[in-house]
Amino acid sequence: MKEINVSGKKRTDMGKKASKLLRKEGMIPCNLYGEKKGENGLPEAMAFMAPMAELRKAVYSPHVYVVNLNIDGKEHKAIMKELQFHPTTDALLHVDFFEINETKAITVGLPVNLTGHAQGVRDGGRLNLSIRKINVTAPYKNIPEKLDVDVTELQLGKAIKVGQLSFEGLEIATPKEVIVCSVKATRASRSAAAEAAAAE
């Protein structure tokens, strides 16, 4: 996985007004959830702020980043778990981070990268990518930047489902029945098939 460095400072002023002032100054309110749990058994959050300029690369990217957080001089490794955007402007409002270590398994969505030239496309069909990401579970050191899916043998009218895939060292968390990609018939492929049938 790619890594990025982000600096942060703990927050003491909470609430909407304080958060609004932070954003005007180019800072984004964030929470870091770690191993520490509260009385209710739920993970406790550390409230901090981080510069939008440092977060931008990880937020507006198809890649999943390990974020090396330096909050008031203390180092934390984390991934972004939840992003909140403004409903009309798409401006980033808030980020929730989840602390990670080398042994604890995490679940993340990885981009799907189709490789090869599908047989169905050579026969005149059109290749459709149905999902952009597949969720996998593993310690972060085992997680690659993307998942390569070979479509070379994919025939016209056929699909590849999540259940047909396997990746070394990764447990797939997306349901098995979900379609990853398929080759749909086009007008050209249908007329070619009709001509072939007529010739026979």
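When reading the values below, keep in mind they use all heavy atoms of this one structure, side chains included, and skip hydrogens, waters and symmetry mates. Note that the structure is a prediction, hence the values are computed from the model and not measured.
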Student: For Ser7 and Pro51, work out which heavy atoms get closest and say how close.
Tutor: O-CD, 3.1 Å
Student: Hey, could you give me the CG/CZ distance between Leu55 and Phe97, rounded to the nearest 0.5 Å?
Tutor: 5.0 Å
Student: Can you see which heavy atom on Met52 is nearest to which on Leu92, and at what distance?
Tutor: SD-CD2, 3.8 Å
Student: Does the side chain of Val162 come within less than 4.5 Å of Val180's, by heavy atoms?
Tutor: yes
Student: Please report the shortest heavy-atom distance between Leu22 and Met49, naming the atom on each side.
Tutor: CD2-SD, 3.1 Å
Student: Can you hop from Val67 to Val108 via hydrophobic side chains spaced under 4.5 Å?
Tutor: no
Student: According to salt bridge (Lys or Arg N to Asp or Glu O under 4.0 Å), who are the partners of Glu171, at least two apart in sequence or on a separate chain?
Tutor: none
Student: CD of Gln84: more than 12 outside heavy atoms within 6.0 angstrom?
Tutor: yes
Student: Does a side-chain heavy-atom distance below 4.5 Å link Glu3 with Tyr65?
Tutor: no
Student: Whether the side chain of Gln164 engages the backbone of Lys161 through a donor-acceptor N/O pair (distance < 3.5 Å, no angle test) should be reported.
Tutor: yes
Student: Under 4.5 Å between side-chain heavy atoms, hopping through other hydrophobics if needed: is there a path connecting Leu83 to Ile100?
Tutor: no
Student: Has Glu168 got more than 12 heavy atoms of other residues, nucleotides or ligands less than 6.0 Å from its CD?
Tutor: no
Student: For a 4.5 angstrom cut-off between non-hydrogen side-chain atoms, does Tyr140 reach Lys77?
Tutor: yes
Student: Between CD1 of Ile79 and CD1 of Ile106, what distance do you get to the nearest 0.5 Å?
Tutor: 4.0 Å
Student: Answer yes or no: is there a donor N or O on one side and an acceptor on the other, between the side chain of Asp96 and the main chain of Glu82, under 3.5 Å?
Tutor: no
Student: Shortest non-hydrogen contact from Gly109 to Val64?
Tutor: O-CG2, 3.1 Å
Student: According to a hydrophobic-cluster definition based on side-chain heavy atoms being under 4.5 Å apart (Ile, Leu, Val, Met, Phe, Trp, Tyr only), do Ile179 and Leu129 belong together?
Tutor: no
Student: In Å and rounded to the nearest 0.5 Å, what is the SG to CG distance from Cys181 to Leu154?
Tutor: 5.5 Å
Student: Given Asn70 and Asn5, is the side-chain contact (heavy atoms from CB on, under 4.5 Å) satisfied, shown in steps?
Tutor: CA-CA 8 Å; Asn70 183 315; Asn5 298 324; over 6 Å; no
Student: Check whether any side-chain heavy atom of Ser130 lies under 4.5 Å from a side-chain heavy atom of Val178, and answer yes or no.
Tutor: no
Student: Measure the CZ-CG distance between Phe48 and Asp72 for me, rounded to the nearest 0.5 Å.
Tutor: 10.5 Å
Student: Under a single-linkage definition using a 4.5 Å side-chain heavy-atom cutoff for Ile, Leu, Val, Met, Phe, Trp and Tyr, are Val6 and Phe98 assigned to the same hydrophobic cluster?
Tutor: no
Student: Report the distance from atom CD of Glu99 to atom NE2 of His76, rounding to the nearest 0.5 Å.
Tutor: 6.0 Å
Student: A quick test of your reading: do over 12 heavy atoms of other residues, nucleotides or ligands sit less than 6.0 Å from CZ of Arg23?
Tutor: yes
Student: Sequence neighbours left out, what passes salt bridge (Lys or Arg N to Asp or Glu O under 4.0 Å) with Glu54? Give chain and number order.
Tutor: none
Student: Looking at every non-hydrogen atom in both residues, tell me the closest pair between Gly116 and Val151 and how far apart they are.
Tutor: O-CG2, 3.6 Å
Student: Please report the C-alpha distance between Val59 and Phe85 in whole Å, then the side-chain angles of each, then the deciding distance to 0.1 Å, and finally whether the side-chain contact (heavy atoms from CB on, under 4.5 Å) criterion is met.
Tutor: CA-CA 11 Å; Val59 170; Phe85 295 94; 3.8 Å; yes
Student: Counting distance only, does the side-chain N/O of Ser182 pair as donor-acceptor with the main-chain N or O of Lys184 below 3.5 Å?
Tutor: no
Student: In the structure I gave you, are the side-chain heavy atoms of Leu110 and Lys146 within less than 4.5 Å of one another anywhere?
Tutor: no
Student: Could you work out, with salt bridge (Lys or Arg N to Asp or Glu O under 4.0 Å) as the rule, every residue matching Lys2, not counting sequence neighbours?
Tutor: Glu145
Student: Determine yes or no for a side-chain-to-main-chain donor-acceptor pair under 3.5 angstrom, with Thr174 supplying the side chain and Asn135 the backbone.
Tutor: yes
Student: Can you pull the side-chain hydrogen bond (donor to acceptor under 3.5 Å, both in side chains) pairs that have at least one residue in residues 105-122, sequence neighbours excluded?
Tutor: Thr107-Thr137, Asn113-Asp148, Gln119-Arg122, Gln119-Asp123
Student: Can you give me the closest heavy-atom contact between Ala118 and Val183, atom names plus distance?
Tutor: CB-CG2, 4.1 Å
Student: Sequence neighbours left out, what passes side chain to side chain donor-acceptor pair (under 3.5 Å) with Arg11? Give chain and number order.
Tutor: Ser19
Student: Holding to salt bridge (Lys or Arg N to Asp or Glu O under 4.0 Å), I want the full list of residues that pass it with Lys20, two or more places apart in sequence or in another chain.
Tutor: none
Student: Do Asn31 and His94 come close enough that some side-chain heavy atom pair is under 4.5 Å?
Tutor: yes
Student: To the closest 0.5 Å, what do you measure between NZ (Lys9) and CE (Met27)?
Tutor: 6.5 Å
Student: Give a yes or no on whether Ile143 and Ile172 share a hydrophobic cluster (residues Ile, Leu, Val, Met, Phe, Trp, Tyr; joining criterion: side-chain heavy atoms under 4.5 Å apart).
Tutor: yes
Student: Start with the C-alpha distance between Leu165 and Leu147, add both sets of side-chain angles, then the distance that settles side-chain contact (heavy atoms from CB on, under 4.5 Å), and finish with yes or no.
Tutor: CA-CA 10 Å; Leu165 303 175; Leu147 298 175; over 6 Å; no
